[in-house]
Amino acid sequence: MIEVVSGTGFDHIPGEEPDPTRFGDARAARSELQISLLRSPVPNLSWTQLWSSLSAQDDSIYDGGDHELDTGGKPCTYRYLNVALENALDRDAFRERVIAPVRAWLDR
């Protein structure tokens with residue numbers, strides 16, 4: 001699963017609509033590419049049980065390492081990668097922080 005979470009640098013003022021002219025530059029914004037890698041020997045792993053297991057974890061699950069989860073008695077390995085947008089836009093940084101870890105995950 002790959003999810004792009006985009007920050008605009010816009011500070012919301014209650015009662016006002018976002019004004020795109022006040023958005024920050026994409027490279028300076030808090031945008032990030034979030035990648036969740038999941039592996040399980042169990043076919044048809046329940047997404048409900050998976051998300052329940054993930055939500056019960058502390059923040060250490062987001063450290064980029066492998067984490068063994070129990071999803072309703074079914075094993076699952078989870079790894080989370082977070083790449084700041086400025087690194088996702090740089091070819092070498094993208095290869096190092098996204099392509100290489102994902103390729104290594106898939107090659108196991």
Side-chain angles (χ1 to χ4, degrees):
M1 169 186 352
I2 297 177
E3 178 180 17
V4 177
V5 177
S6 178
T8 61
F10 174 75
D11 291 325
H12 179 68
I13 299 171
E16 285 190 20
E17 290 293 318
D19 178 0
T21 64
R22 295 179 22 207
F23 291 176
D25 178 78
R27 291 184 183 269
R30 295 174 305 273
S31 296
E32 54 195 28
L33 179 64
Q34 297 178 349
I35 303 170
S36 296
L37 303 172
L38 304 167
R39 172 177 284 123
S40 177
V42 179
N44 303 321
L45 191 64
S46 165
W47 283 105
T48 303
Q49 290 173 334
L50 174 64
W51 291 123
S52 176
S53 181
L54 283 172
S55 64
Q57 305 296 314
D58 61 30
D59 287 345
S60 67
I61 198 158
Y62 302 113
D63 65 5
D66 287 357
H67 297 273
E68 299 299 323
L69 302 177
D70 177 8
T71 54
K74 300 172 183 173
C76 178
T77 304
Y78 175 80
R79 180 186 290 178
Y80 174 85
L81 304 172
N82 185 315
V83 180
L85 181 61
E86 61 268 16
N87 292 325
L89 296 176
D90 176 270
R91 178 180 288 182
D92 293 333
F94 188 80
R95 282 185 184 133
E96 177 186 334
R97 294 188 172 102
V98 177
I99 301 297
V102 171
R103 182 172 288 150
W105 176 270
L106 294 173
D107 287 344
R108 293 194 291 165

Report summary line: So the ring-ring contact (aromatic ring centres under 6.0 Å, His included) pairs with at least one residue in residues 81-108 (sequence neighbours excluded) are none
Report summary line: Hits for side-chain contact (heavy atoms from CB on, under 4.5 Å) against S52, two or more places apart or cross-chain, chain-then-number order -> none
Requested in this report: For R91, enumerate each residue passing the side chain to side chain donor-acceptor pair (under 3.5 Å) test, keeping only those at least two apart in sequence or located in another chain.
Outcome: none
Report summary line: In this structure, CG of L50 is separated from SG of C76 (nearest 0.5 Å) by 5.0 Å
Query raised in the report: Any side-chain heavy-atom pair from L54 and Y78 closer than 4.5 angstrom?
Result: yes
Query raised in the report: How many angstroms lie between atom CZ of R97 and atom CG of D90, to the nearest 0.5 angstrom?
Result: 8.0 Å
Query raised in the report: Which pairs with one or both residues in residues 48-64 pass salt bridge (Lys or Arg N to Asp or Glu O under 4.0 Å), sequence neighbours excluded?
Result: none
Requested in this report: Check side chain to side chain donor-acceptor pair (under 3.5 Å) between T77 and all other residues, then give those that pass, not counting sequence neighbours.
Outcome: E68
Report task. In sequence, state the C-alpha distance, the side-chain angles, and the governing distance for L81 and V102, and then conclude on side chain to side chain contact (heavy atoms under 4.5 Å, CB included). Result -> CA-CA 9 Å; L81 304 172; V102 171; 4.1 Å; yes
Query raised in the report: Heavy atoms, side chains only, cut-off 4.5 Å: are P75 and D70 in contact?
Result: no
Report task. For A100, enumerate each residue passing the side-chain contact (heavy atoms from CB on, under 4.5 Å) test, keeping only those at least two apart in sequence or located in another chain. Result -> none
Report task. Could you state whether L106 and V83 fall into the same hydrophobic cluster, counting links through intermediate Ile, Leu, Val, Met, Phe, Trp or Tyr residues with side-chain heavy atoms under 4.5 angstrom apart? Result -> yes
**Report entry** Non-neighbouring partners of D66 that pass side chain to side chain donor-acceptor pair (under 3.5 Å), sequence neighbours left out
**Finding:** R79, R108
Query raised in the report: Does E96 have any side-chain contact (heavy atoms from CB on, under 4.5 Å) partners at least two apart in sequence or in another chain, and if so, which?
Result: none
Requested in this report: Can you sort out the partners of R103 under side-chain contact (heavy atoms from CB on, under 4.5 Å), two or more places apart, ordered by chain and number?
Outcome: I99, D107
Report summary line: For Y62, the side chain to side chain donor-acceptor pair (under 3.5 Å) test, sequence neighbours excluded, returns none
Query - salt bridge (charged side-chain N to carboxylate O under 4.0 Å, His left out) partners of R39, counting only residues at least two apart - result: none
Query raised in the report: Hey, is the main chain of W51 close enough, under 3.5 Å, to the side chain of S55 for a donor-acceptor pair?
Result: yes
**Report entry** Over all atoms of both residues, closest heavy-atom pair of R95 and P101
**Finding:** O-CD, 4.3 Å
Query raised in the report: Under 4.5 Å between any side-chain heavy atoms of L69 and Q57, yes or no?
Result: yes
